[in-house]
Amino acid sequence: MPETKTAAPPDVDRVAASRAAVAARRARAAVKQAIADGSRSPLDVLRAAMEEPEGIEGRLRVTEFLSSIPAIGRTKTERIMADLEISPAKRLGGLGRLQRQRIRQFTADWVAAHGGTGDRLVVLAGPTAVGKGTVAAHIRRHHPDIKLSVSATTRSPRPGEVEGEHYFFVDDAEFDRMIAEGELLEWATVHNHHRYGTPRGPVEAAIARGDGVLLEIDIQGARSVRRAMPEATLVFLLPPSWDELVRRLIGRGTEGPAEQQRRLETAKVELAAVDEFDHRVVNDEVGEAARKVVDLMRPRRGRPRRSAS
Ligand code: 5GP
């Protein structure tokens, strides 16, 4: 028998490979169709692409993604690509960090302008002791048009905390009931201790009215909101430096040394989540950080397209 010189794969491999390619093409076509008929939010597709760059959504070309969005034709796609500084050959999963931010912002704007949640729901999260509560309190005081979600918690009120303003203080049985009846948009056990959750009704009502809603919650909660409402904008509050975070945690004196050590370990893990977020805001000066968060919630017309972060 003559020797075969080519390095071509055996027939059976070629058949399997071409079957896999056909299946992947079909799956991508189904994603495009779902965007086009409105059964899937483009923001949800983007998120899946960022989470799994080699998955079905990640392998979608940016041009295919954009032109599947209703009312964005071929010409508009070309203009948008140039505006976002993304080359036509790029796939969603192959975008750099800035390009990801730009396409996400563009898509959120588009969704908002076409009746979706857009960036009306903003989640503010960040590592322990970074000052989320202080930034949120500043927003509550100085920006009355921004609605802050009031969480339910099983912890007891601290001096000065008001029922229904800072939290809804509930017992374990009531918290269990809220979970069972689907009243919470997300919930988590924070610092292995008490449970905290976001009541769903007020958030949905505010979005329906077209108001901006801010959720100040922990990182696990932010992830759950993302799953429940893929269009939510996630903002990560960063400390100016690690040393400053340590200083804030120890300086506030609300935890003993063992608990402080445990929270610092948690903070290290939490800081690693920064890339999952859409925007980062450094909490150097509270008023300035609050302004940047609020700015992300305002209508975009008349301000620069690229974010405050
Ligand atoms: P504190 O007890 O100091 O008020 O809050 C402790 C932590 O719980 C903070 O990190 C805060 O962001 C988080 N938290 C407050 N409300 C919620 C909520 O509704 N859901 C989740 N997941 N975390 C929350």
Side-chain angles (χ1 to χ4, degrees), residues 121-141 146-172 174-179 181-207 213-229 232-239 245 248-256 259-260 262-274 276-277 280-281 283 286 289-290 293:
L121 177 61
V122 172
V123 177
L124 180 66
T128 180
V130 72
K132 292 173 297 218
T134 317
V135 171
H138 190 283
I139 294 174
R140 184 184 287 120
R141 246 194 329 274
I146 304 279
K147 200 177 165 339
L148 266 110
S149 157
V150 179
S151 299
T153 180
T154 58
R155 83 152 163 76
S156 318
R158 294 187 188 125
E161 283 183 335
V162 177
E163 163 75 15
E165 186 182 320
H166 296 96
Y167 283 105
F168 295 108
F169 297 97
V170 300
D171 60 15
D172 273 311
E174 174 61 3
F175 204 91
D176 286 342
R177 188 200 63 75
M178 294 174 97
I179 297 172
E181 310 219 337
E183 288 181 14
L184 298 178
L185 179 59
E186 62 75 38
W187 67 273
T189 303
V190 179
H191 300 309
N192 294 324
H193 217 42
H194 296 294
R195 290 183 292 172
Y196 296 78
T198 305
R200 180 191 298 276
V203 172
E204 290 182 346
I207 290 171
V213 195
L214 182 69
L215 270 51
E216 182 256 301
I217 59 177
D218 84 322
I219 288 172
Q220 316 162 65
R223 290 189 179 120
S224 307
V225 171
R226 172 139 283 175
R227 278 191 296 275
M229 292 191 168
T233 299
L234 266 50
V235 181
F236 197 89
L237 198 63
L238 281 163
L245 188 71
R248 284 179 194 177
L249 182 65
I250 293 174
R252 70 184 183 185
T254 43
E255 292 85 20
E259 182 61 17
Q260 282 172 355
R262 213 172 56 73
R263 289 196 183 198
L264 282 176
E265 292 304 319
T266 308
K268 265 189 213 151
V269 177
E270 289 174 330
L271 277 170
V274 63
E276 297 171 37
F277 284 65
R280 25 177 105 188
V281 169
N283 185 18
V286 174
V293 174

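The structure presented is a predicted model; accordingly, all values stated were derived computationally and were not measured. As the structure lists them, so they are numbered: ligands from 1, and atoms in each ligand from 1.
- With hydrogens and angles disregarded, no donor-acceptor distance shorter than 3.5 Å links the side chain of His138 to the backbone of Thr134.
- The pair Lys132-Asp218 fails the salt-bridge criterion, with no side-chain N (NZ, NE, NH1 or NH2) lying under 4.0 Å from an Asp/Glu carboxylate O.
- Listed by chain and number, the residues in a salt bridge (charged side-chain N to carboxylate O under 4.0 Å, His left out) with Glu255 are Arg252, Arg263 (sequence neighbours excluded).
- Within 4.0 Å of ligand 1, protein heavy atoms belong to Lys132, Ser151, Arg155, Arg158, Tyr167, Glu186, Ala188, Val190, Tyr196, Gly197, Thr198, Glu216, Ile217, Asp218, Gly221, listed by chain and number.
- Taken from NZ in Lys147 to CZ in Arg140, the straight-line distance is 10.0 Å, to the nearest 0.5 Å.
- The ring-ring contact (aromatic ring centres under 6.0 Å, His included) test with Tyr196 singles out one residue from Phe169, Tyr167, Trp187, and that residue is Tyr167.
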**Item:** Verdict with supporting geometry, Leu238 and Leu271, side chain to side chain contact (heavy atoms under 4.5 Å, CB included)
**Value:** CA-CA 8 Å; Leu238 281 163; Leu271 277 170; 3.8 Å; yes
